[in-house]
Student: 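Sending over a structure as structure tokens; questions will come in a sec.
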Amino acid sequence: MVLVMLLLLLGVQLAGFGVVRQVFDRHVGIEVEASLQVAERIWVRQLLQNAARLRDAAVVLAADFGFRSAVATDDVETIGSALENAGNRIGAGVVAFLKPDFTLLSAAQVLGEEGVATLELLAQELSVNRNEGRLATVGGQPHLFVIVPVRAPLIVGWVLMGFPLDQNVVDDFWRLYGVHAVILAADAGQSLAITVGSWPGDRSAVLEAARQVEPPAAIDGKRVGLRKLHLESVAGEVGVVLIRPLDELLAPYEQLQWLLGLITLTAVALFAAVSKVAARRVTTPLYQLTEVTRSLEGGDYDVQVPGKDRGDEVGALARGFDRMRSSLAEQREEILRLAYWDRLTGLPNREQFRQTLKQRINDSSSGTEQVTLAVITLNVDRFKHVNDVLGYAFGDELLKAVAQRLRDQVTRSGDLVARLGGDEFALLLTRSDANGADFMAMRVRSAFEQPLALGDQTVDLSASMGVAGFPQDAQDADVLMSRCEIAMHAAKASTAGVLHYTPRLDSSSAQTLSLLSDLRSALQTGGLRLYLQPKLRVTTREVVAAEALVRWLHPKRGLVPPMEFIPFAEQTGFVRQLTLWMFEEAARQWHALQPVGGRLRIAINLSTRDLLDLDFPQRLVDIMARQRVQADGFCLEITESAIMDDPQRAEATLNRLAELGFKLSIDDFGTGYSSLAYLKRLPVQELKIDKSFVLGMIQDESDAKIVRSTIDLAHNLGLSVVAEGVESASHLDALNALHCDEAQGFFISRPIPVPEFLAWRDAWVAAH
């Protein structure tokens, strides 16, 4: 910045210097031109004055009685003497007397024939206008001539006087007016040559300058102003070159320019010095502030910001930096707190738990003795239901209470409680094996057995827990946490309460890693098969329905059992694609499956993810439109657990399906969270009694009572009943006695492919 300012200042000064120089040059040129014009007028006036002086002297001589007497007597000697005396008296160069016919009679100088002829010719021309002087070159010397008549009383002759333009004339002109004069003269037919001049240098340069059309700016290396005068001459040619030297005119201006240059250099130097000091005063704290930014970039927020006490803009900037530093430090603390601590419960969050677990594993691995660790992940059961019913504020208070109860149980130094997210918590137990983890899990379950009172509400708490240990289950923190969560989800799915991790629970094991891609490939390449298990009307033994089931024919593993891929599909969400495939395949074959004179309804199982998908009903509508079937030809079976995971969304989806005309059935009734309140509200038309009750109803009176009560309950609610698990004729007869509507089971038929189903139905109809 200083360099730019210096260059700018220097540029301004140079521009001003150039302008001043141009003004000086123009002013000097004007002054020289004016002085030459004045010199020209003075030169002409000086010639006129000399002519007048000559004329006066000639008049005096012509009026002299003695001179006239000598003229009257033709006394040539006396005339010559008088002419010489008169010429010497006034400094005339040529003095002559001519007869009335302009014939030279006497002259004070020796002229020669050419000079005599010139004077006689000059006298004739001057006699015409006697009051003017005329120039003529006599003997190579220019003269100013005048002529006066001698009367007695008539003209008896002529007195001719010539004043020479010699060195004295030009020297006097230089001394008086400061202008050099160089006189050029030439006889008739000759070239101009310098006769006299006051120019001190080389006269040949002056002669060369006089011959040029445009006057030069310098002669003999000296700057000059030049003016050429051409003087009218009787014989030959006469000229004058007036030269005005410029050095003395430019001297004051050059001194001023030097002074301006000195002032400019002084100003630039002073500005550079002041600018350097000012720049250091600004750049030094700015550099220090730059160092502060590097410290802030490196995470050092305790660095001191210099220059805060200054009262200028740099001080304001430094104070702004300090405020920014403080703000960044506070934000960093807040970010770290948010990054490693849970704001709601005050517990460490997932990242801090992960880092602590990783550090404990590293410490154990680097030590001489390997230390066992145990991780327990905990998920609060039915927390979403609490949020939906009692609100999110109550749910937050519930999570705080859970966190406090977990803190109360973990009292050993080195152990850690953390909230991983949502309703999921984790416990890190140092120096604990499987037995220690079981003991802690039992303590947590005991603590959760006491109901939680929040305001006017009392909530029963329960939790599903997964346990994994180091080093037996995993040797990496992330893998250990992942496997612990797998065990927790398995415990939640099986309502086991607490489960230890085993490889069979790991849906991400080597065998199941490729399962999802294989399922997708099977869906696209026709590797899935539709199987049907018939349903009978109990009273008439008529085949009125069939449950659609999916089987997977793997190209390498053969027929994969449903229990090996259906739970995985539910866990990954791929079960939605399986449901849509089953529905479209059933709809595609629906018309071919209809008996003559009858109607066969196809039942399809829905998963939890299907019910939670608000777009699922529309997808079924699109399939029915493509296959040209109606909704009343299908029954959709839903498990109780699928309904209870999110009752509100499930109810909304079921209402939409009922509006479309589907028959809805609750599958495995009696084994889940049976709720008569939801059963009353949901738009279902059918209950399916779980086979665990049907199988034991012949030998176990309790199971028989459950079946009987369920049938009565369903009929009282206006619902039909389907019993599954019929494996003997006794089961079928007992169900008929209890007025069960429909039945299915291995006694009737196992699930069979569609072509075999048609053949089986024909045989069944023929036999019954």
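Everything numeric here is computed off the predicted structure, so don't read it as measured data.
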Student: Measuring only between side-chain heavy atoms, which start at C-beta, is Pro751 closer than 4.5 Å to Leu532?
Tutor: no
Student: Would you please say whether a donor-acceptor pair under 3.5 Å links the side chains of Ser607 and Asp610?
Tutor: yes
Student: Test of understanding: with ring-ring contact (aromatic ring centres under 6.0 Å, His included), list the residues that count as partners of Phe425, not counting sequence neighbours.
Tutor: none
Student: Looking at Lys663, I'd like to know if its NZ atom is crowded, meaning that more than 12 non-hydrogen atoms belonging to other residues, nucleotides or ligands lie closer than 6.0 Å.
Tutor: yes
Student: Taking all heavy atoms of Val538 and all of Leu732, pick out the closest pair and write down the distance.
Tutor: CG1-O, 3.9 Å
Student: For residues Leu530 and Arg551, determine if any side-chain heavy atom of one lies less than 4.5 Å from a side-chain heavy atom of the other.
Tutor: no
Student: Has the side chain of Ser720 got a donor or acceptor atom that lies under 3.5 Å from a matching backbone atom of Gln685?
Tutor: yes
Student: Could you tell me whether the side chain of Ser665 and the main chain of Glu637 form a donor-acceptor pair under 3.5 Å?
Tutor: no
Student: First locate atom CZ of Phe616, then atom CG of Leu620, and finally report the distance between them rounded to the nearest 0.5 Å.
Tutor: 4.0 Å
Student: What verdict does the side chain to side chain donor-acceptor pair (under 3.5 Å) test give for His500 and Asp473, after you've listed the backbone C-alpha separation in whole Å, the side-chain angles of each residue and the deciding distance to 0.1 Å?
Tutor: CA-CA 10 Å; His500 284 261; Asp473 293 326; 5.8 Å; no
Student: Between the side chains of Thr539 and Asn736, is a donor N or O closer than 3.5 angstrom to an acceptor N or O?
Tutor: no
Student: Classify the ring geometry of Phe583 against Phe634: parallel below 30°, tilted from 30° to 60°, perpendicular beyond 60°.
Tutor: tilted
Student: Once side chain to side chain donor-acceptor pair (under 3.5 Å) is applied, do any residues pair with Gln355, and if so which ones, sequence neighbours excluded?
Tutor: Glu351
Student: Do Arg649 and Leu611 touch side chain to side chain, with heavy atoms closer than 4.5 Å?
Tutor: no
Student: Looking at every heavy atom in both Ala546 and Leu600, which two are closest together, and how far apart are they?
Tutor: N-CD1, 4.2 Å
Student: Is any side-chain heavy atom of Lys691 closer than 4.5 Å to a side-chain heavy atom of Glu727?
Tutor: no
Student: Can you find a heavy atom in the side chain of His489 that is under 4.5 Å from one in the side chain of Asn379?
Tutor: no
Student: Looking at residues at least two apart in the chain, or sitting in another chain, which of them share a side chain to side chain donor-acceptor pair (under 3.5 Å) with Glu659?
Tutor: none
Student: Other residues, nucleotides and ligands only: do more than 12 of their heavy atoms fall within 6.0 Å of CD on Gln630?
Tutor: no
Student: Under the side chain to side chain donor-acceptor pair (under 3.5 Å) definition, can you give me all pairs with a residue in residues 583-599, not counting sequence neighbours?
Tutor: Glu584-Arg626, Glu584-Gln627, Glu585-Arg588, Glu585-Gln589, Arg599-Asp632
Student: Provide the closest heavy-atom pair for Ile748 versus Ala743 in the form atom of the first, atom of the second, distance.
Tutor: CD1-O, 3.5 Å
Student: Can you list the steps and then say if His768 with Glu542 is a side-chain contact (heavy atoms from CB on, under 4.5 Å)?
Tutor: CA-CA 8 Å; His768 296 81; Glu542 179 186 358; over 6 Å; no
Student: Report yes or no: does Gln475 contribute a side-chain atom to a donor-acceptor pair with the main-chain N or O of Phe470 at less than 3.5 Å?
Tutor: no
Student: Check whether Gln744 reaches the backbone of Pro534 with its side chain - one donor and one acceptor, N or O, closer than 3.5 Å.
Tutor: no
Student: Mind jotting down which residue pairs meet the salt bridge (Lys or Arg N to Asp or Glu O under 4.0 Å) criterion with at least one end in residues 741-762? Sequence neighbours excluded, please.
Tutor: Arg601-Glu742
Student: When you measure from the side chain of Arg609 to the backbone of Leu606, do you find a donor-acceptor pair of N or O atoms at a distance under 3.5 Å?
Tutor: no
Student: Looking at residues at least two apart in the chain, or sitting in another chain, which of them share a side chain to side chain donor-acceptor pair (under 3.5 Å) with Asp476?
Tutor: none
Student: Give me the atom names and distance for the closest heavy-atom approach of Leu578 to Ala569.
Tutor: CD1-CB, 3.7 Å
Student: Could you go step by step and tell me if Asp668 and Lys688 meet the salt bridge (charged side-chain N to carboxylate O under 4.0 Å, His left out) rule?
Tutor: CA-CA 6 Å; Asp668 299 335; Lys688 288 187 71 175; over 6 Å; no
Student: Within this structure, what is the CE-CZ distance for the pair Met582 and Arg529, rounded to the nearest 0.5 Å?
Tutor: 14.5 Å
Student: Under a 4.5 Å cut-off applied to non-hydrogen side-chain atoms, are Leu416 and Leu347 in contact?
Tutor: no
Student: So which atom in Thr377 and which in Cys484 form the shortest heavy-atom distance, rounded to 0.1 Å?
Tutor: OG1-O, 3.1 Å
Student: Who passes ring-ring contact (aromatic ring centres under 6.0 Å, His included) against Trp581, sequence neighbours left out?
Tutor: none
Student: Hey, mind stepping through Leu428 and Thr356 against side-chain contact (heavy atoms from CB on, under 4.5 Å) and telling me if it holds?
Tutor: CA-CA 9 Å; Leu428 172 60; Thr356 304; 4.0 Å; yes
Student: Evaluate side-chain contact (heavy atoms from CB on, under 4.5 Å) for Asp460 paired with Phe448, printing each intermediate quantity in order.
Tutor: CA-CA 8 Å; Asp460 291 326; Phe448 276 31; over 6 Å; no
Student: Closest approach of Leu427 and Met440, non-hydrogen atoms and distance?
Tutor: CD2-CG, 3.9 Å
Student: Could you give the distance from CG (Leu549) to CD1 (Ile752), rounded to the nearest 0.5 Å?
Tutor: 11.0 Å
Student: What ring pair (Phe, Tyr, Trp, His ring centres under 6.0 Å) pairs are there with at least one residue in residues 705-762, not counting sequence neighbours?
Tutor: Trp760-Trp764
Student: To the nearest 0.5 Å, tell me how far Ile666 CD1 sits from Asp690 CG.
Tutor: 13.5 Å
Student: Would you check if Arg360 and Thr430 make a side-chain contact, meaning some heavy-atom pair closer than 4.5 Å?
Tutor: yes
Student: Would you say the side chains of Asn605 and Glu547 form a donor-acceptor pair under 3.5 Å?
Tutor: yes
Student: For residues 697-714, please give each side-chain donor-acceptor pair under 3.5 Å, one per line with the distance, not counting sequence neighbours.
Tutor:
residue, atom, partner, partner atom, Å
Asp700, OD1, Ser702, N, 2.8
Ser709, OG, Lys705, O, 2.8
Thr710, OG1, Ile706, O, 2.7

Student: With side-chain contact (heavy atoms from CB on, under 4.5 Å) as the test, would you mind laying out the steps for Tyr531 and Val754 before giving the verdict?
Tutor: CA-CA 6 Å; Tyr531 278 54; Val754 173; over 6 Å; no
Student: Return the set of residues passing ring-ring contact (aromatic ring centres under 6.0 Å, His included) with Phe565 (not counting sequence neighbours), or none when no residue passes.
Tutor: Trp552
Student: Checking Arg628 side chain against Ala625 main chain: does a donor-acceptor pair fall under 3.5 Å?
Tutor: no
Student: Listed by chain and number, what are the side-chain contact (heavy atoms from CB on, under 4.5 Å) partners of Asp342, not counting sequence neighbours?
Tutor: Leu344, Thr345, Arg419
Student: Are the side chains of Thr608 and Ile638 in contact, using a 4.5 Å heavy-atom criterion?
Tutor: no
Student: Is a side-chain N or O of Asn349 found less than 3.5 angstrom from the main chain of Gln352, in a donor-acceptor match?
Tutor: yes
Student: Distance check, rounded to the nearest 0.5 Å: Arg382 atom CZ versus Ser464 atom OG?
Tutor: 12.0 Å
Student: Among residues at least two apart in sequence or on other chains, which ones pass side-chain contact (heavy atoms from CB on, under 4.5 Å) with Met465?
Tutor: Ile376, Leu378, Ala441, Val444, Arg445, Val498
